[in-house]
Amino acid sequence: MPKEVKDTLNLPQTGFPMKANLTQKEPEMLKFWEENKIYEKLQNKNSGSKHYILHDGPPYANGHIHIGHALNKILKDIIVKFKSMQGFYSPYVPGWDCHGLPIELQVDKNLGEKKDRVDILEKRKLCKEYAEKFVDIQREEFKRLGVMGDWAEPYLTMSYGYEGTIVREFSEFVKKGYVYKGKKPVHWCPSCVTALAEAEVEYADKESPSVFVKFEVKSEAASGGSPRRELKDILPEIAGKKVFFIIWTTTPWTLPANLALAFHPDFIYVAVEHRDEIYIVAEGRLDALKERIDLNGKVLSKISGKDIEGVNAEHPFIQRKSRAVLGEFVSLEEGTGIVHIAPGHGEDDYGIGLKYGLDIYAPVDDKGKFTKQAGELEGEFVFKANAVIIETLKNKNALIKEEKITHSYPHCWRCKKPVIFRATEQWFISVEHNNLRGKCLEEIDRVNWIPTWGRDRIYNMVSSRPDWCISRQRAWGVPITLIRCEGCGEFVKKDSVLDAITKHIEENGADIWFMKKAEDFLPSGYKCEKCSSASFSKEMDILDVWFDSGVSHAAVMKKNPKLSWPADIYLEGSDQHRGWFQSSLLASVGTKGTSPYKTVLTHGFVMDGSGKKMSKSLGNVVAPQEVIKANGAEILRLWVSAEDYRDDVRISKEIIDRLTEAYRKIRNTARFLLGNLSDFDGKDYSNDLLEIDRWAMARLQTLTAKITSAYERFDFHEVYHLLHNFCVVDMSSFYLDILKDRLYTFKSDSKERRAAQWVLNRILLTMTGLMAPVISFTAEEIWRFIAGKKEESVFLSPFPKADEKYLDPALEDKWAKLIAIRNEINKALEIKRQNKFIGNSLEAKVILYLPEKAFNLLNEYKEFLPALFIVSSAEARQAAGKMDGVYESEEIKGMSVIVERASGKKCERCWNWSTSVGTYSNAAELCHRCYNVIK
RNA sequence: GGGCCUAUAGCUCAGAUGGUUAGAGCGCGCGCCUGAUAAGCGCGAGGUCGAUGGUUCGAUUCCACCUAGGCCCA
């Protein structure tokens, strides 16, 4: 008999599997989206609507994607899907950054010894193939994450059209007068033989010599020079003695290029006796130097830094004067408070060189060897020359102390070798010309920065950044398409010539620059307008890749007819405040006057479980491919939404395990809903709702409103928490648990059961839509099981809207009180359960003693109380003073609970205990209620 | 060294214009159920709110400094 009784119940039925099996299912879902062109249909559907353009920052086409790429692309995908479901026209055109040193070096590595013999066009071809290979690899990896977009038509910075735009934008800068060629010390890698962008330099510890060097202060009269400032005039105490300025440096090899000594204008300098000589150092360094260089002599006199300006010293081993100059950058952190200045070998040095009109002197060639100008040192590699120079200093009695020091020093990002600062001929975009810097700063204040501190970060950077060095002495990139007159050295900057070159590149790609002669880019018979020479040469430097990606706003947003300008949002890691956000801003403001983006959202970096950065050496790297293999891309997507990306985010096995649990809960909640809707007829039962059903509907609307707002604020971790809490708290442990009795035991087509199903259906549809931007695979999988849905994909359905008809804060408040009472009953029941007095709560009958307010509230629900508390019988009474042996609530003052065994017998069908069980001769095991259902 | 940022239970996150025992979910522990079952339900234990000073009647919340961590720069 029991079996037959069970057959009369309406138990959940669904083919929707409990086990997600994501690793296997996800590829099937991807195939479904691709074959059925869901992304394309979504675009068509929204084609007439308001645009919401997220412009993709191009990842570098080298290597497999790492976890940071996954974070970035999934965040973008969540936004694009949310906006699209909301009805915005929001196409996503992904792109790749294809030119640049890393690829070229990889190709060089593959070429081995042949690298220097191979033709530039051949090398460029190999670079192109290399980039194409990784574009394909990364494209598949990005698609595997469930990211929707124009994957068939991405933008590549190496496509002809894009290269053409780079040249056109560069020409714009030339025409507007921003571009100049100058000598300037730049980071230079002697090993890679190239200038490096700031972004291409890494800091690492290096051991360097640390030397204190004497520069003798000599009287000018002896050399017969013009009347100059004489130290002995200022400091009469030192007359007749040998006086030295003392400097400290960790780069002795820059001493041959020394042209000056810098003093801080506000520091006090002291003349100290040292044996029979006098040393001059900053007063603030005296204590440290006493120990360091044994400077213990008597302080003879003091002088302000600004009074030393103009005094000349003698270079320790070259026949040359070294001038005393002033610099605010001089610090008392280390050294002597006097800084050796080589304008060709340092940034501050360069600045001061310009100010004092010093030569930007750098007698070092592109391989890091001294040139003829350096005399005896010619041919010596700079770092090796350190030893030679130290020896020379010793011989000249100019060396005070020599030590080794390990300090943070710039290294080449590719070859990892130490780099040098070296003045070279480079191309620059001036940030002062046309007030570019000022305009950028103004634009920064018009942009919405998320988080808000992004504004301060980029503002400070732009405020202090130097001119943009845009040239590179390399092969794999877009050439600086300028033509130089061999006669006078002037560059041809005529608009018509620049435009013709742009056209050439647009049609044939940048390779054409390397195939043809300079004259081929000029009108036939062209002669230099200045000197009438007919002999020309091409500039052979290429452009910084940051210029490539910086003009994506023009190459993609302006040119792709699907897109529009400016972008609504740029979204990248916070390192891009210096990188792409800045190069894009400069590139756009320089030529168009305004920012290319309205909003810039940044995320942090992915750290390991303890917040440390990932590195191969630490062995704490988490690869997205492995998470996908073990848990599925869906878990990665859930992870992205669960973490607060404003700060750095963490990933670890525990985090993934927790999320997998959370995922199961969400999935099972959906499964339960589906199971109980298998026989739903789809009709409207909204007029038959019980109050608890209206409560559930109210909660659902609140959830919808909160989640929508969270998406709009880009607070995706709130989406995750809200959704999960709704499943756990409101649904699983409360509403659905209570509903089981109605769903299972009531007549299948009863109004009460249908009303519940109607609500469940609404919950399922809404939840599925709400989760879709984040857990897309699962949302789509659920969607397939939903009966009577209209759209073939959840992404073609509109994003859920809160139905105001069901919003009911008063009802929610009222039920919050009921739930609080229910929680107290659970505590009382638990005590009895632990005592083995009851097992299942249906074995219990509860009698509640309540304070007046609570009593009045419960009195409204007399008939519903057993269902609400999931007990067989419940009765509320007015509190009647203190009683012994009953549960007294701590949370609700004056509430106590008596738990008794339910009277009667257990109904074999609904499991409730009732005195009516056994009263039916033809169905002795049933209660009154069940008897009436199945009679 | 400079700019910007972060630090609340094992994990992911809330929170307070400064004011009673700092919240949620997960995990964990102990049970119940076996009609969501590689599920479901209940109860419970976990936090000197990174450290130290200061302002205040009162600070985890404001300020300073420090420590740890991150991005960018030198």
Side-chain angles (χ1 to χ4, degrees), chain A residues 5-6 9-14 16 18-19 198-199 201 203 329 331 333-334 346-348 407-410 451 453-461 463-465 573-579 582 602-607 609-613 638-639 641-644 646-650 652-662 664-665 667-676 715 717-718 720-729 732-734 736-737 740-741 743-745 822-823 825-836 838-843 870 890 909-911:
Chain A
V5 169
K6 191 168 173 176
L9 294 168
N10 313 298
L11 296 179
Q13 275 185 342
T14 177
F16 185 82
M18 174 175 280
K19 191 163 186 289
E198 285 142 60
V201 172
Y203 286 78
F329 60 86
S331 90
E333 298 287 329
E334 46 189 2
E347 195 142 40
D348 290 329
H407 61 156
S408 176
Y409 189 86
W453 50 257
R455 181 262 173 208
D456 293 342
R457 192 169 152 92
I458 194 165
Y459 194 95
N460 289 342
M461 288 179 181
S463 298
S464 61
R465 71 157 295 150
S574 59
D575 55 335
Q576 300 303 331
H577 285 117
R578 174 148 289 268
Q582 200 175 136
T602 55
H603 58 254
F605 281 64
V606 185
M607 301 295 138
S610 55
K612 294 260 164 58
K613 104 167 89 177
L638 197 59
W639 166 74
S641 89
E643 299 275 330
D644 184 352
R646 290 174 194 74
D647 191 11
D648 290 335
V649 299
R650 299 178 179 199
S652 67
K653 188 178 179 301
E654 173 166 19
I655 292 169
I656 291 294
D657 285 349
R658 291 295 81 79
L659 285 163
T660 305
E661 300 282 346
R664 282 207 203 102
K665 188 71 187 191
R667 184 180 178 89
N668 273 326
T669 303
R671 181 171 182 267
F672 183 80
L673 298 175
L674 282 168
N676 285 290
D715 285 339
H717 60 288
E718 283 185 34
Y720 159 78
H721 281 285
L722 286 164
L723 180 67
H724 186 238
N725 271 22
F726 180 75
C727 286
V728 174
V729 181
S732 194
S733 76
F734 186 69
L736 299 181
D737 208 26
K740 283 171 191 168
D741 183 69
L743 290 166
Y744 297 172
T745 71
R822 185 180 189 259
N823 289 338
I825 292 168
N826 275 335
K827 285 178 195 170
L829 288 170
E830 185 59 27
I831 292 168
K832 294 292 183 181
R833 189 149 40 219
Q834 299 283 347
N835 293 343
K836 306 292 173 195
I838 56 162
N840 187 323
S841 59
L842 284 174
E843 290 165 23
I870 318 188
E890 284 177 29
R909 186 167 176 277
C910 70
W911 292 350

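Residue numbering restarts at 1 for every chain, and letters A, B, ... go by the order of the sequence lines. When reading the values below, keep in mind they use all heavy atoms of this one structure, side chains included, and skip hydrogens, waters and symmetry mates.
As rounded to the nearest Å, B:C33 and B:G46 have P atoms that lie 27 Å from one another. Nucleotides B:G42 and B:U61 are separated by 35 Å at their C1' atoms, to the nearest Å. Nucleotides B:U6 and B:C66 have their C1' atoms positioned 16 Å apart, rounded to a whole Å. Taking atom P in both B:G1 and B:C11, one finds a spacing of 30 Å when rounded to whole Å. When the C1' atom is compared between B:U21 and B:A9, the two are found 16 Å apart, to the nearest whole Å. Nucleotides B:A59 and B:A22, compared at atom C1', are 13 Å apart to the nearest Å. Between the C1' atoms of B:G44 and B:U60, the separation comes to 26 Å (whole Å). Comparing B:C13 with B:U8, their C1' atoms are spaced 10 Å from each other, to the whole Å.
Using a 4.0 Å heavy-atom criterion, one finds that A:G611 contacts the sugar-phosphate atoms exclusively. The residue A:E718 sits apart from the nucleic acid: no heavy atom pair falls under 4.0 Å. At the heavy-atom level, A:K832 lies nowhere under 4.0 Å from the strands shown. Residue A:G839 is in sugar-phosphate contact alone, with no base atom involved, counting any heavy-atom pair closer than 4.0 Å across all strands shown. Looking at heavy-atom distances under 4.0 Å, A:W911 makes contact with a base.
The heavy-atom pair separating A:D737 from A:S733 by the smallest distance is CB-O, 3.9 Å. The minimum heavy-atom distance linking A:H577 with A:R457 is given by the pair ND1-NE, 3.0 Å. Closest of all the heavy-atom pairs between A:T669 and A:C727 is OG1-CB, 3.6 Å. Between A:T602 and A:G573 the shortest heavy-atom distance is CG2-O, 4.1 Å. Closest approach of A:K613 to A:M607, counting heavy atoms only: CA-SD, 3.3 Å.
Out of B:C11, B:A74, B:C4, the shortest distance to the side chain of A:E347 is found at B:A74. Each of B:G35, B:G25, B:U37 was ranked by its minimum atom distance to the side chain of A:N725; first place goes to B:G25. For A:L11, whose side chain is taken as the heavy atoms from C-beta onward, the closest listed nucleotide among B:C71, B:G3, B:G35 is B:G35. You'll find that the side chain of A:S574 is closest to B:C71, out of B:C71, B:C13, B:A39. Taking every side-chain heavy atom of A:R658 into account, B:G10 is the closest of B:C72, B:G10, B:A36. Checking B:A36, B:G70, B:C5 against every side-chain atom of A:W453, the shortest atom distance belongs to B:C5. The A:I655 side chain lies nearest to B:C11 when the options are B:C11, B:C13, B:G35. Of the candidate nucleotides B:C5, B:G10, B:C71, B:G10 has the atom nearest to the side chain of A:E654. Among B:C71, B:G70, B:A38, the nucleotide with an atom closest to any side-chain atom of A:D575 is B:C71. Taking every side-chain heavy atom of A:H724 into account, B:G25 is the closest of B:A38, B:G25, B:C4.
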Worksheet item: Does the pair A:R578 and A:D575 meet the rule for a salt bridge (Lys or Arg N to Asp or Glu O under 4.0 Å), with working shown?
Response: CA-CA 6 Å; A:R578 174 148 289 268; A:D575 55 335; over 6 Å; no
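Between A:E890 and A:K827, every side-chain heavy-atom pair lies at or beyond the 4.5 Å cut-off.
B:G47 adopts an anti glycosidic conformation, its chi angle falling more than 90° from 0.
With a cut-off of 3.5 Å on both Watson-Crick or G-U wobble distances, the partner of B:C33 is given as none. As the counterpart of B:A45, no nucleotide is assigned, since no Watson-Crick or G-U wobble pattern has both distances under 3.5 Å. Partner assigned to B:C11 is B:G25, using Watson-Crick or G-U wobble distances below 3.5 angstrom. Under the Watson-Crick or G-U wobble criterion, with both distances below 3.5 Å, B:A68 is paired with B:U6. Under the Watson-Crick and G-U wobble criteria, each requiring two contacts below 3.5 Å, nucleotide B:C62 is paired to B:G54.
Taking a cutoff of 4.0 Å between a charged side-chain nitrogen and a carboxylate oxygen, A:E830 and A:R833 qualify as a salt bridge. Between A:E661 and A:K665, none of the side-chain N atoms (NZ, or NE/NH1/NH2) sits under 4.0 Å from a carboxylate O, so this pair counts as no salt bridge.
With RNA chain B read from its 5' end, the first of the two nearest nucleotides for A:G454 and A:D348 is the one closest to A:G454. Between A:V729 and A:K612, it is A:V729 whose nearest contact on RNA chain B lies nearer the 5' terminus.
Between A:Y744 and B:G35, no base-stacking contact is recorded for ring centres under 5.5 Å apart and planes less than 30° from parallel.
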Response to the item:
Readout for nucleotides 40-45 of chain B: B = base within 4.0 Å of protein heavy atom, S = sugar-phosphate only, - = neither; 5' to 3' it is SSBSS-
